[in-house]
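These values consider heavy atoms only, across backbone and side chains, with no hydrogens, waters or symmetry-generated copies. It should be emphasised that the depicted structure is a prediction, and the values quoted were computed from it without experimental measurement.
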Amino acid sequence: MTADSAPLSGSMDVDEFMAFLEPRPDNEHWDLIEGVAVMKAPATYAHRRITINLCRLLETAFAARRLYSLAYINVAVRNQGVRNFQPQPDVAVVPGVAGPKLYSERFQLVAEVLSPSNTRVEIDLKLRRYREAPDNLYAVVIDPREFMVEIYSKSRKWEPVVLKRPEDPIDMPEFGLRCTVADLYRGTPLVPR
């Protein structure tokens with residue numbers, strides 16, 4: 001993650017953003033943050049592995065508890081009534097069956113796996129909006145280059161818990177998820193096996 005940069009502030013709304021995306025190549029991924037279209041850096045293999053690991057852990061927990069939620073990779077989310085925000089978090093948990101929309105306003109967890117191009121300002125803006133979403137229970141930030149998982153939960157009044165050891169427990173009782181930080185990093189240089 002890079003150091004702070006100038007705050008994001010623009011005038012693009014979600015409809016203009018969707019029109020902007022239409023002619024873009026499929027391999028590009030963009031977020032709309034505070035009215036500014038921000039291109040996401042290509043994900044590394046470690047980034048992708050962490051994303052897949054988190055989805056698998058969540059899906060296994062959902063199945064064990066018979067929860068009707070699904071974990072998605074790189075899907076768009078919106079906050080109800082907010083017209084200048086539509087990111088694609090690395091992982092989003094959406095309740096219910098997969099529908100025909102290109103985005104969801106109902107999400108229960110979002111996770112951002114950091115890229116070198118992310119700035120703290122950008123991540124903090126996203127976290128603020130994620131915390132404002134009425135159905136959201138968790139916002140998670142994961143650094144793929146070192147053991148660092150920030151977990152913000154509604155049940156803890158969005159106060160962050162920062163985990164930096166592989167044996168640190170991750171507990172999300174609403175989903176029945178209990179694992180360790182190392183479980184997220186399995187298959188990366190930090191936890192090769």
Side-chain angles (χ1 to χ4, degrees), residues 1-5 8 29 31 33 38-65 67 69-77 87-94 107-133 136-193:
M1 184 164 51
T2 62
D4 294 341
S5 65
L8 296 174
H29 296 279
D31 288 336
I33 306 169
V38 178
M39 187 173 179
K40 296 173 71 166
T44 65
Y45 278 94
H47 182 129
R48 291 172 194 261
R49 175 50 43 199
I50 291 166
T51 299
I52 291 166
N53 289 345
L54 179 56
C55 280
R56 285 182 178 162
L57 290 163
L58 287 163
E59 293 279 353
T60 299
F62 299 157
R65 299 242 348 240
L67 296 177
S69 291
L70 299 170
Y72 294 95
I73 296 173
N74 286 327
V75 295
V77 297
Q88 276 189 9
D90 292 293
V91 175
V93 169
V94 178
F107 54 93
Q108 298 172 314
L109 175 146
V110 287
E112 295 281 351
V113 180
L114 298 175
S115 297
S117 63
N118 290 127
T119 66
R120 191 70 231 186
V121 169
E122 173 189 324
I123 293 299
D124 287 344
L125 286 169
K126 287 181 175 184
L127 287 170
R128 178 176 61 98
R129 292 293 189 194
Y130 294 152
R131 289 188 304 254
E132 292 171 353
N136 192 24
L137 302 173
Y138 292 96
V140 181
V141 178
I142 305 166
D143 190 329
R145 295 170 301 276
E146 63 178 314
F147 291 117
M148 196 290 297
V149 179
E150 295 175 8
I151 301 175
Y152 301 79
S153 71
K154 186 180 252 184
S155 67
R156 289 196 285 297
K157 297 181 175 39
W158 299 111
E159 289 298 318
V161 172
V162 180
L163 308 173
K164 293 194 168 206
R165 296 182 322 223
E167 67 274 10
D168 284 342
I170 296 173
D171 191 20
M172 298 180 180
E174 298 89 343
F175 301 137
L177 176 65
R178 183 150 179 82
C179 64
T180 66
V181 167
D183 294 326
L184 292 180
Y185 289 85
R186 200 157 315 283
T188 73
L190 294 173
V191 184
R193 294 181 185 233

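Proximity of a side-chain donor or acceptor of K40 to a complementary backbone N or O of Q88 within less than 3.5 Å is detected. Not one N or O on the side chain of D124 forms a donor-acceptor pair closer than 3.5 Å with the backbone of V121. Using modelled atom types, one side-chain atom of R65 and one backbone atom of P173 make a donor-acceptor pair closer than 3.5 Å. At distances below 3.5 Å, at least one donor-acceptor pair connects side-chain atoms of N53 with backbone N or O atoms of R186. Judged by distance alone, with hydrogens and angles left aside, the side-chain atoms of Y72 form no donor-acceptor pair with the main-chain N or O of C55 at under 3.5 Å. T188 places a side-chain N or O within 3.5 Å of a backbone atom of L190 that can act as its donor or acceptor partner.
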For this session: Please test V77 against N136 for side chain to side chain contact (heavy atoms under 4.5 Å, CB included), starting from the C-alpha separation and ending with a verdict.
Result: CA-CA 11 Å; V77 297; N136 192 24; over 6 Å; no

Exercise. Checking salt bridge (Lys or Arg N to Asp or Glu O under 4.0 Å) for the pair E59/R56: CA distance, chi angles, key distance, verdict?
Worked result: CA-CA 5 Å; E59 293 279 353; R56 285 182 178 162; over 6 Å; no

For this session: Take E167 and R165, measure what salt bridge (Lys or Arg N to Asp or Glu O under 4.0 Å) needs, and give me the verdict at the end.
Result: CA-CA 5 Å; E167 67 274 10; R165 296 182 322 223; 3.2 Å; yes

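The line from CD1 of I142 to CG of L163 is 10.0 Å long, rounded to the nearest 0.5 Å. With rounding to the nearest 0.5 angstrom, the CG atom of L57 is 8.5 Å from the OG1 atom of T180.
No side-chain heavy atom of W158 sits less than 4.5 Å from a side-chain heavy atom of L127. Side-chain contact check for E174 versus V93: every heavy-atom pair is 4.5 Å or farther apart. Using a 4.5 Å cut-off on side-chain heavy atoms (C-beta onward), L137 and L109 make no contact.
Here the shortest heavy-atom pairing between V75 and A92 reads CG2-CB, 3.9 Å. Here the shortest heavy-atom pairing between K126 and P87 reads CE-CB, 4.3 Å.
For Y130 and Y152, the ring centers are positioned 6.0 Å apart or more.
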